[in-house]
Amino acid sequence: MKILIKNGMLVTAERTFAADIFVEDGKISRIENPGTLSVSAEKTIDATGLLIFPGGIDPHVHMHLPTPAGFSSDDFYSGSRAALAGGTTTLIDFVTPHRGEPLKEALEKRKAEAASCLTDYAFHMSPVEWRQHLPEEIKACITEEGIPSFKVYMAYKDSIGLEDDALQKVFYAVAEAGGMVTAHCELGDEIEQLRRDYVQNGQTTPEYHPLSRPAELEAGAVEKAIAMAARANCPFYIVHVSAAGSLEFIRQAQQRKQPVFAESCPHYLLLDDSRYKGSFEQTAPYVLSPPLRKKSDNRALWQALSDGTIQSMGTDHCPFMMEQKRNGLHDFRKIANGAGSVEHRLTLLYTYGVLQNKISLNRFVELISTRPAKIFGLYPQKGALLPGADADIVIWNPEKEKTISAQNHMMHCDTDIYEGFKTTGAPEYVLSSGHVVVENGTWKGKAEPGRFLRRKL
Ligand code: URP
Ligand code: ZN
Ligand code: ZN
């Protein structure tokens, strides 16, 4: 389909300028000065007064994630639909094999689960153990499957977490193969000890979730993992940074010119640990890892977004129904960990970042799209408003006001951790590979599933 988008204000990571865009066959074919494109379009969108961004890229989501309390409540279909409605057109999820399972086998299963995904999508591969032939498997992921990023967990040692010696070997193997390691940084053994201690003392409510995962144990893991990455000379991306103390180690590494990238999520900027005071029903939705921190951490993270210490904004989207949270009614360790926000990432960062002058509009685009695309080998197919790029385009109404609620969100979840948050700015149109999936602020639907994206760093 040929679509002309006229009179809009384009916003990229570098600049803001008026231009018209012509879309053909799912790609941006031309970008010209306003009024100068003489083309015959099947559809024309008048973007007067609207902003135009490259489609959002969420580099950290967990659709249909298996846990002891059941799967995360968004599958690839419902989660990707919510993502598109909120302006995110590309998702990066995870392949998490069982111990002993070959990486490629796990990848094939995950691709089948993701077949209903409406956005284009990619995966990070998670080695969950060290084994003799892992280096060859890692190499094959990069060269044969187009998966160059490998996610390791320093927490969750009883299931998917790695011991330090295994972790170091993974850094070496990934560096050797030309990939990147990403990590969940929390010191797992120390956390396990604290969790056991609290429960043995009868301290079993969600209030003890953050107390058993203190900020120092995140910062300590960040410091340790940065040292391992340096030893192996491996590019390193730290997911869901929540604590001011972690930022110090990240800054020092970046000042030494070590290739260290950092991601945070809206909940670490906008919510704090006061959410753990109250009844189980009030507090359990906020049980996610790392936990919410102090207001001072919120401030430090905003500063890090604006000064460039943090380059990427994910969501760690991992919603659960209240019934699944109730799995841990008598033991906070059994509460399904995670919360959803894939639908809200752009509007939250726009409302509470751009409109409150904490970040510029161009930095916003960099954080939600262009930089994740560059870091993870998707640019310029994704993350760009350029001829030849995929026509993943968000046409943004900067004035539209909404109130977030589980009553009207599209995510498949009966709670919303941002319930009652007021937002300004929302997608008026969303194009996904040239298909208009949101029109006049309303979800239109999408018949075609998205594509698996092969990546190269
Ligand atoms: O609580 C969370 N974040 N659940 C998802 C798994 C993870 O640690 O990213
Ligand atoms: Zn994590
Ligand atoms: Zn995660």
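When a ligand or atom number is given, it counts from 1 through the structure's own listing order. In this text, all values refer to a predicted model and were calculated from it rather than measured experimentally. Sequence positions, counted from 1, serve as the residue numbers for this chain. The figures here come from the full heavy-atom set of this structure, side chains too, leaving out hydrogens, waters and symmetry mates.
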Original post:
Got a salt bridge between Arg451 and Asp120, using NZ or NE/NH1/NH2 to carboxylate O under 4.0 Å?
Top reply: yes
**OP:** Using heavy-atom distances, let me know which of Val239, Thr67, Ile335, Asp316 sits nearest atom 3 (N) of ligand 1.
**Re:** Asp316
**OP:** In plain terms, say whether Glu343 and Arg81 are close enough for a salt bridge, that is, a side-chain N and a carboxylate O under 4.0 Å apart.
**Re:** no
Original post:
What N/O/S atom of His60 is the closest to the Zn ion (ligand 3)?
Top reply: NE2
Original post:
With distance as the sole criterion, is a donor-acceptor pair present between the side chains of His209 and Glu207 under 3.5 Å?
Top reply: no
Subject >> Contact atoms of ligand 1, heavy-atom distance to His60 under 4.0 Å >> reply: 9 (O)
Original post:
For ligand 1, which atoms have a heavy atom of His240 less than 4.0 angstrom away?
Top reply: 8 (O), 9 (O)
**OP:** Check His62 and report its N/O/S atom nearest to the Zn ion (ligand 3), by atom name.
**Re:** NE2
**OP:** Check Asp316 and report its N/O/S atom nearest to the Zn ion (ligand 3), by atom name.
**Re:** OD1
Subject >> Contact atoms of ligand 1, heavy-atom distance to Tyr156 under 4.0 Å >> reply: 6 (C), 7 (C), 8 (O)
Original post:
Any idea which protein heavy atom is nearest atom 1 (O) of ligand 1, and the distance to it?
Top reply: Ser289 N, 2.8 Å
Subject >> Pick from Asn337, Val61, Leu288: the one approaching atom 4 (N) of ligand 1 most closely through a non-hydrogen atom >> reply: Asn337
**OP:** Find the distance between CG (Leu378) and OG (Ser369) and round it off to the nearest 0.5 Å.
**Re:** 9.5 Å
Original post:
Are any of the side-chain nitrogens in Glu401 or Lys422 under 4.0 Å away from the carboxylate oxygens of its partner?
Top reply: no
**OP:** Could you tell me whether Glu101 and Lys109 have a side-chain N and a carboxylate O separated by less than 4.0 Å?
**Re:** yes
Subject >> Distance, nearest 0.5 Å, that separates OG1 of Thr119 from NZ of Lys382 >> reply: 8.5 Å
**OP:** Output the atom name for the N/O/S atom of His184 with the smallest distance to the Zn ion (ligand 2).
**Re:** ND1
